[in-house]
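A quick write-up on the structure given underneath.
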Amino acid sequence: MSALLSIGKTAMFASYAALQTTGNNIANANTPGYSRQQVELADAPSQYSGGGFFGKGVDVKTVSRAYDQFLTSHAVSTASTAAADSTRLDRLSLLEKVFPIGSDGLGSAVGSFLNGFADVASNPSDASARQVVLSNAQDVAARFKAAGDQLSLLQRGVVQDVTTSVASVNTLARQVAALNQQIASMSGSGQPPNQLLDARDLLVSQIGDYLNVSTVRADDGSLNLFIGGGQSLVLGANASPLKAIQDSFDPARVQLAVATGGADRLIPADSLSGGSIAGQLKFQNQDLVAATNLLGQMATAFSGAVNAQQALGLDGRQPPGSGAPLFSVGAPRVLPASTNAGNAGLSLTVADASFVQASDYELRFDGSNYSLTRLSDQQSVGGSPLTPAQLGAGVQVDGLTLQLAAGTPQPGDRFLLQPTSAAAAMMRATLSDPKGLAAASPFTASMGSANSGTAAVEAMTAVSPGYVGSTSAAITFTNDTGAYNWTLSAGSPSSGSGQWSAGSPIALNGFELKLNGVPKSGDTVNVVPTASTASNNGNALALFDLGTKAILGFATLPNASVVPGQNITDAYASALSNIGVRVQSAKSAQAISGAIAEDARTARSNQAGVNLDEEAARLIQYQQSYQAAAKILQIAQSIFDSLLQAAGR
């Protein structure tokens with residue numbers, strides 16, 4: 001009789017436990033991180049008798065949770081990758097707005113500025129036309145500066161977001177460490193603390209939204225977390241704090257470090273494979289650097305070309321003088337690493353703005369020589385390795401002059417060279433006097449009065465500061481059958497000879513002469529110093545031509561051949577294309593990683609989530625089991641009463 005009562009009692013307890021667990025599943029169906037639980041039952045040890053082994057009911061072994069380590073880790077990892085891609089895409093969408101198209105873009109402002117010289121060329125003495133050019137110059141400088149300021153604002157946003165995210169990760173890591181301690185203390189009970197385990201898994205997934213983490217489970221049930229290729233974030237009950245610290249070169253940038261053993265250990269950004277922090281750092285170190293350098297390259301080359309051509313002309317003051325600069329830009333920067341032990345000081349200047357590349361450079365000293373690397377393509381440049389004597393004398397690379405100015409380096413010292421990063425944000429229009437525009441060419445060309453051909457002077461333009469003297473000279477054409485040969489009489493510009501063809505200029509010493517029509521043998525072109533700057537438009541035409549002239553992006557290959565450059569309009573279009581490609585690539589990456597993360601989340605949810613329909617069916621099942629168990633007890637009670645009544649007789 002006692003066996004039947006025991007069977008009924010254990011059956012009721014088991015059914016009640018199953019009902020309680022199912023009810024808890026239903027109650028927590030929408031609780032974040034909750035894993036479906038179920039009661040694990042086992043047949044109670046049977047009792048032997050002469051008639052065989054008789055069962056003694058059921059035992060409740062434990063309450064387990066639906067958990068799969070692979071599905072859980074996969075869901076966290078894919079969600080981290082999706083968070084990185086989504087964060088980078090959000091930042092790139094903001095970056096794309098810095099380079100607008102149409103009338104709001106830099107290309108339109110530059111075009112309006114250069115087109116204004118056409119009006120000046122039509123009437124060099126027109127003060128209003130000159131003032132329009134200066135107003136357009138102010139607009140160009142303002143747009144470059146605004147774009148540079150927006151890039152700086154994006155950089156500050158990255159620093160702020162990374163700092164905030166690091167604080168959140170530290171809070172979550174401390175909570176994981178505390179749960180590790182609680183879980184480890186319960187490891188001796190033999191029963192899993194499901195609620196604590198779910199809470200810890202949820203915290204790990206939340207950390208994964210910021211940084212991709214790898215997990216290693218210890219024997220005591222604690223979970224160790226690692227980031228950045230093996231740096232420990234949580235070991236047992238101890239959490240190592242993360243830090244957002246200044247970049248070792250540029251204090252405006254941020255990098256990640258973990259505090260271990262009383263020191264800050266840097267975590268390379270490329271070792272972070274996922275999480276919003278990784279997306280922020282990738283945007284900072286790749287996309288934002290590229291955009292800043294593209295903008296700075298355009299500002300440097302454009303202002304350099306305009307100022308150089310302006311300097312070749314004569315302004316409208318009395319007496320006339322060489323044109324003063326129209327623009328100024330931020331100077332190149334040399335940033336020593338904060339870990340440098342030496343006191344070497346380097347100077348970096350722009351020698352030829354048309355050859356300046358949209359890239360930063362890193363200079364390293366190994367104790368004997370220097371190595372210079374262009375970071376945009378990781379190429380060694382400047383004739384690396386460089387001896388201290390070479391660097392002391394000055395090294396020419398990509399339109400730049402790099403020189404050791406003072407001090408002594410120590411082995412391991414590094415320097416970040418930024419030729420263009422500050423150019424746009426510091427751009428200014430420096431000329432305010434309309435008479436300061438150098439619209440006139442220092443020399444004037446006119447056709448000889450006795451000429452019989454149809455040739456006429458289109459323009460006499462200074463192209464380099466190499467011209468000398470101020471005496472007159474004459475160009476004489478000596479042949480007009482198949483080839484137009486010409487000679488230059490003694491004088492300044494210097495004497496010379498050559499062959500002219502329609503559409504091609506005649507290159508003199510620092511000047512170019514363009515003709516319309518064709519000459520006859522014996523025709524002459526007289527070149528004399530400009531007497532009246534008010535009527536000469538040679539330099540205004542040259543400034544106007546800068547709109548279609550290649551002025552930036554020239555490069556010298558190792559074989560000394562020169563890669564052609566671009567005009568400013570094409571350069572801006574290339575910058576738009578560069579940013580656009582990055583945005584489209586980020587969109588594709590985000591779409592793919594987002595879909596993978598959703599599939600992984602669904603797979604884990606299907607395995608560990610609560611299905612209310614299934615739980616409702618189980619409620620009925622366990623209710624019936626409970627009622628059946630109660631019936632066993634009722635029958636046992638009835639039999640027992642019958643036995644008592646029989647014994648009483």
Side-chain angles (χ1 to χ4, degrees), residues 32-33 73 75-95 151-179 199-215 223-235 238-260 264-289 582 586 589-590 593-594 597 601:
S73 299
V76 172
S77 177
T78 55
S80 292
T81 302
D85 292 338
S86 178
T87 300
R88 178 171 177 250
L89 176 59
D90 290 342
R91 288 293 177 179
L92 280 170
S93 298
L94 296 176
L95 177 62
L151 295 179
S152 298
L153 184 62
L154 288 176
Q155 177 59 61
R156 290 194 294 271
V158 169
V159 173
Q160 182 177 359
D161 287 350
V162 170
T163 302
T164 302
S165 297
V166 164
S168 298
V169 170
N170 287 334
T171 299
L172 295 170
R174 288 193 295 269
Q175 293 176 1
V176 171
L179 285 174
R200 187 177 65 184
D201 286 346
L202 179 60
L203 291 173
V204 171
S205 68
Q206 290 173 346
I207 292 175
D209 290 337
Y210 296 105
L211 285 171
N212 190 29
V213 294
S214 57
T215 60
L223 195 66
N224 301 321
L225 306 184
F226 299 90
I227 60 174
Q231 299 291 338
S232 62
L233 180 63
V234 176
L235 284 178
N238 298 313
S240 300
L242 288 179
K243 290 185 176 181
I245 63 175
Q246 289 182 344
D247 183 81
S248 56
F249 287 117
D250 189 349
R253 300 181 191 173
V254 66
Q255 58 185 357
L256 203 62
V258 60
T260 56
D264 294 339
R265 182 174 298 177
L266 295 180
I267 301 176
D270 55 7
S271 70
L272 302 174
S273 57
S276 61
I277 293 178
Q280 295 274 15
L281 293 179
K282 184 175 182 179
F283 171 77
Q284 170 194 259
N285 297 334
Q286 297 182 18
D287 306 313
L288 198 53
V289 167
R582 291 173 185 270
Q590 190 273 335
S593 62
R601 187 199 66 79

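What you are looking at is a predicted structure, and each value in this text was computed from that prediction instead of being measured.
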Where is the tightest heavy-atom contact between [X] and [Y], given as atom of each residue plus distance?
X: F226; Y: S232; result: CD2-CA, 3.6 Å
X: V159; Y: A252; result: CG2-O, 3.4 Å
X: V254; Y: A244; result: CG2-CB, 3.8 Å
X: S240; Y: V258; result: CB-CG2, 3.7 Å
X: S593; Y: D85; result: OG-OD2, 2.8 Å

Handout entry: Residue among V176, L225, N224, L211 satisfying side chain to side chain contact (heavy atoms under 4.5 Å, CB included) with L233
Key =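 Testing L233 for a side chain to side chain contact (heavy atoms under 4.5 Å, CB included) against V176, L225, N224, L211 leaves exactly one candidate, L225.
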Fill in the blank from the handout: With sequence neighbours left out, the residues meeting salt bridge (charged side-chain N to carboxylate O under 4.0 Å, His left out) with D250 are R253, R333
Exercise for the section: For side chain to side chain contact (heavy atoms under 4.5 Å, CB included), just list the numbers for V234 and L223, CA-CA rounded to whole Å, side-chain angles, deciding distance to a tenth of an Å, and then say yes or no. Expected result: CA-CA 8 Å; V234 176; L223 195 66; over 6 Å; no
Measure the spacing between [atom1] of [X] and [atom2] of [Y] and express it to the nearest 0.5 Å.
X: L288; Y: L94; atom1: CG; atom2: CG; answer: 11.0 Å
X: Q280; Y: T164; atom1: CD; atom2: OG1; answer: 10.0 Å
X: L256; Y: D264; atom1: CG; atom2: CG; answer: 10.5 Å
X: Q246; Y: Q255; atom1: CD; atom2: CD; answer: 9.5 Å
X: I277; Y: D161; atom1: CD1; atom2: CG; answer: 10.0 Å
X: D247; Y: N285; atom1: CG; atom2: CG; answer: 7.5 Å

Does any part of the side chain of [Y], heavy atoms only, come nearer than 4.5 Å to the side chain of [X], both counted from C-beta?
X: D270; Y: L281; value: no
X: L172; Y: V204; value: no
X: L266; Y: I245; value: yes
X: R174; Y: N170; value: yes
X: V162; Y: S165; value: no
X: L242; Y: I227; value: yes
X: F283; Y: D90; value: no
X: K243; Y: V166; value: no

Practice task
Determine, step by step, whether L202 and S205 satisfy the side chain to side chain contact (heavy atoms under 4.5 Å, CB included) criterion, reporting the C-alpha distance in whole Å, the side-chain angles of both residues, the deciding distance to 0.1 Å, and the verdict.
Solution key: CA-CA 5 Å; L202 179 60; S205 68; 3.8 Å; yes
Which donor-acceptor pairs under 3.5 Å do side chains of residues 76-83 form with protein atoms, sequence neighbours excluded?
| from | atom 1 | to | atom 2 | distance (Å) |
| --- | --- | --- | --- | --- |
| T78 | OG1 | H74 | O | 2.8 |
| T78 | OG1 | A75 | O | 3.2 |
| S80 | OG | V76 | O | 3.0 |
| S80 | OG | G208 | O | 2.4 |
| T81 | OG1 | S77 | O | 3.3 |

Exercise for the section: Mark yes or no for whether T87, through its side chain, and A84, through its backbone, hold a donor-acceptor pair below 3.5 Å. Expected result: no
Exercise for the section: Considering only NZ, NE, NH1 and NH2 on the basic side and carboxylate oxygens on the acidic side, decide whether R91 and D287 come within less than 4.0 Å. Expected result: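 The answer is no: the pair does not qualify as a salt bridge.
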